[in-house]
Asker: 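The structure under discussion is supplied below as structure tokens; questions concerning it will follow.
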There are 2 protein chains.
Amino acid sequence: MREKNAQKKAIKLSDVALRANVSVVTVSRALRQPELVSQNTRDKIADAVKTLGYVPNPAAQALASARSRLIGVVIPSLTNQIFADLLRGVMDGLEGTTYIPQFVNTRYKLTREEDLLRVFATQRPAGMIVAGIDQSAAARQLLQEMGCPVVQVMETTPDPVDMVIGCDQQDAGRAAVRHLIDQGYRRIGFLGARMDPRAQRRLAGYNDIMSAHGLSDDALVITTPHPSAYSVGGQLMADLLASAPDADAVFCNNDDVALGALFECQRRGLRVPEQMGIVGSNDLDVVSCSVPTISSVRTHRYETGLTAVNMIMNHLNGTPLEQRIIDAGYDVMVRSSTSRQKKGG
Amino acid sequence: MREKNAQKKAIKLSDVALRANVSVVTVSRALRQPELVSQNTRDKIADAVKTLGYVPNPAAQALASARSRLIGVVIPSLTNQIFADLLRGVMDGLEGTTYIPQFVNTRYKLTREEDLLRVFATQRPAGMIVAGIDQSAAARQLLQEMGCPVVQVMETTPDPVDMVIGCDQQDAGRAAVRHLIDQGYRRIGFLGARMDPRAQRRLAGYNDIMSAHGLSDDALVITTPHPSAYSVGGQLMADLLASAPDADAVFCNNDDVALGALFECQRRGLRVPEQMGIVGSNDLDVVSCSVPTISSVRTHRYETGLTAVNMIMNHLNGTPLEQRIIDAGYDVMVRSSTSRQKKGG
DNA sequence: CTGTTAGCGCGTTCAT
DNA sequence: ATGAACGCGCTAACAG
């Protein structure tokens, strides 16, 4: 029988007050608004805090102030690496503050998102970061009633709940397809997994450019509700070649799909970029070192996470950014998988 | 000027009590120990709860009971996909319960881990899940004093803080190298990124087998403190070929390194598996569809997350598993990258 | 089975 | 610049 884990007794504000020989409120003030406390008592309190090892009880703080130090982060999934990148940005952005992120995933279900928001509402979060702009009406309302700064991320919209930072996914789709056309590809397919709202908008961008060039053909659009994954990319490419054997390029809604598609080409002996051009989305680490390297539309997930946190922090500090809508942009990273044109001039 | 986000007034226990015409405690009991409340009042309360839309205030619960519904999850990083897999398991395992996971990352720093644990300690978590078994003495003590079930994950040890689930990393390393030797490889290199404790133990396993066969050679061991990444794999392979040009196989401490190494071989025209055998670690999705497919030592991260949660839940339900130490095992997934032997018999 | 009485540790008035 | 008093919403003893 091992010892039952003995909880260490927690030091509280009154303990500190006793040790420093001042009242509880004074300690509380010294901690939150030091400028209102004399230098002398401030030092005594700092001393007591240190020797006793006092750490505030967040539950008591939250209860008394009706406000927690939680930053709620709502993403659809953790399988897709882009959201892991976003989270890293959020975590790093919160570094050094006393705020704590709390992540949940919606599994791409709007009703689940509402439920999760309801849970968050009871926590009185200090701020909320939610992926996407396609919340249900109920979810939007819940976010508004949350009584804290809210940042939608990964996309842009003229009508955010509160603030928004991300990129224009449809425009990114257009840029990708334009690049392929510039390189001389014409029978350009679209490979899409999961087909969440962001994927839908990338597809819309694809359609914009294809129809503008009179290149539209339903046989070229291959999608699946399956989550994005390397293995799915291979299957989608196979389906495309069955549907449109003369396809000469693909735009993929994620880089794992793009890499999977490349592997499928290699299995079939299709030369990339000569016989098949490939453009991915998001510019994951892997596509810049594959053989051949894969062109991709880079998005700035990590930076988006960082900035979203900053937007919230500024708001909480009473200095909200004038800019409620931030376009994080995108970059078309041109690599070997689309370099069919002769180089340079 | 847009309306200031108006906080919705929260419904509390006393509101429900009023509506149901019973005392506050009765409501509280009806919610937590329904069997102690008569069917009649239970129904009245359920009604009131539903019509008022009552949701408990976790801060108040935590304060009054000195216990939160948080499950603390401490991982070193979110960059490595294996931890994202673990998190998915934890999230899914918590699905349907009223417990909420809270993730933090140590960035592979022991002192940071201690700090984070101190923060968790103030939250009175319901349970803790921590990656690895190499906590500092201070961290171990903090975990013990947490007063809640603790599960260490990703490795095994005869001496866990409380409970542990994971695999024997050193043994996994041995199995990988044994497989390469069985396939006829002899000049087997080790490619290791980051070199955290798990990587160290995989290396130890590699050393065990290599020296047992009299194949040891320092020139074959290439490591870097850099975080594991696809691009790092290429560099490590290049370094190995500079250090030991006659190397004929590699064991990599992660699959991104393995894939990066494969790409490097392709760039150099080295045929895999004929001229270079490759075994990765963890069996990420991507290595089963690359060309060629890559052999890897599969670990069960998702299942580990699920089980860790179950271990904690059982503990909280008063029915702790008799088994405090669980070996989640590993599997050597044999694929094309090491299939040098003639097939079948 | 149900209610009464006390806090949990902190923030927020209002005084001084 | 400092302190006393009260309450946040809930749980935990005890009574009845």
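Lettering of chains follows the sequences in order, A, B, ..., and the numbering in each one begins at 1.
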Asker: Mind calculating the distance between CD1 (B:Ile11) and P (D:dG9) to the nearest angstrom?
Answerer: 11 Å
Asker: Out of C:dG3, C:dG9, D:dT2, which has the shortest distance to the side chain of B:Val22?
Answerer: C:dG3
Asker: State which of D:dG3, D:dT11, C:dG9 makes the closest approach to the side chain of A:Ala64.
Answerer: C:dG9
Asker: Can a donor-acceptor pair under 3.5 Å be found between the side-chain atoms of B:Arg29 and the base atoms of C:dG3?
Answerer: yes
Asker: Let's see if you can work this out: which of D:dT2, D:dA5, C:dC8 has an atom nearest to the side-chain heavy atoms of A:Thr41?
Answerer: D:dT2
Asker: Are a donor atom and an acceptor atom from the side chains of A:Ser136 and A:Glu114 found within less than 3.5 Å of each other?
Answerer: yes
Asker: Between A:Val309 and A:Val90, does the side chain to side chain contact (heavy atoms under 4.5 Å, CB included) criterion hold? Intermediate values first, please.
Answerer: CA-CA 6 Å; A:Val309 167; A:Val90 170; 3.9 Å; yes
Asker: Send over the distance from B:Arg69 CZ to D:dG9 P, rounded to a whole Å.
Answerer: 19 Å
Asker: Let's see if you can work this out: which of D:dC10, C:dT12, C:dG9 has an atom nearest to the side-chain heavy atoms of A:Ser28?
Answerer: C:dT12
Asker: Find the distance A:Leu52:CG to C:dG9:P and express it as a whole number of Å.
Answerer: 14 Å
Asker: Would you indicate what A:Leu13 reaches in the nucleic acid, counting non-hydrogen atoms under 4.0 angstrom: base, sugar-phosphate, or nothing?
Answerer: sugar-phosphate
Asker: Expressed in angstrom and rounded to an integer, what is the separation of B:Leu63 atom CG from D:dG7 atom C1'?
Answerer: 12 Å
Asker: Considering only side-chain heavy atoms of A:Asn57, which listed nucleotide, D:dT11, C:dT12, C:dG9, is closest?
Answerer: C:dG9
Asker: Is the shortest side-chain heavy-atom distance between B:Glu155 and B:Arg198 below 4.5 Å?
Answerer: yes
Asker: Considering all heavy atoms of both residues, which atom of B:Ala126 and which atom of B:Arg67 are nearest to each other, and what is their separation?
Answerer: CA-CD, 4.3 Å
Asker: Nearest whole angstrom, please: distance from the P of C:dG11 to the NZ of A:Lys12.
Answerer: 14 Å
Asker: Heavy atoms only, 4.0 Å cut-off, all strands: where does A:Val37 land among base, sugar-phosphate and nothing?
Answerer: sugar-phosphate
Asker: Would you call the rings of B:Tyr108 and B:Phe83 parallel, tilted or perpendicular, taking 30° and 60° as the class edges?
Answerer: perpendicular
Asker: Looking at C:dT2, D:dG9, D:dA4, which one has an atom nearest to any side-chain atom of A:Ser23?
Answerer: D:dA4
Asker: For the pair made of CZ in B:Arg67 and P in C:dG9, what is the distance, rounded to whole Å?
Answerer: 13 Å
Asker: Please compare B:Asn21 and A:Ala59 by the position of their nearest nucleotide in DNA chain C and report the one closer to 5'.
Answerer: B:Asn21
Asker: When you check the phosphate oxygens OP1 and OP2 of C:dC10, does a side-chain N or O of A:Gln61 lie under 4.0 Å from one of them?
Answerer: no
Asker: A:Val27 and side chain to side chain contact (heavy atoms under 4.5 Å, CB included): which single residue from A:Asp15, A:Val16, A:Leu18 fits?
Answerer: A:Val16
Asker: For DNA chain C, whose closest nucleotide is more 5', that of B:Leu36 or that of B:Ser65?
Answerer: B:Leu36
Asker: Rounded to whole Å, how long is the line connecting atom NZ of A:Lys44 with atom C1' of D:dG3?
Answerer: 13 Å
Asker: Between B:Ser14 and D:dC10, does any side-chain N or O lie under 4.0 Å from OP1 or OP2?
Answerer: no
Asker: Give the nucleotide from the list C:dT12, C:dT4, D:dA1 with an atom nearest to the side chain of A:Arg32.
Answerer: C:dT12
Asker: Would you please confirm or rule out a distance under 4.0 Å between OP1 or OP2 of D:dA1 and any side-chain N or O of A:Ser38?
Answerer: no
Asker: How close or far is atom P of D:dA1 from atom CG of A:Asp43, stated in whole angstroms?
Answerer: 15 Å
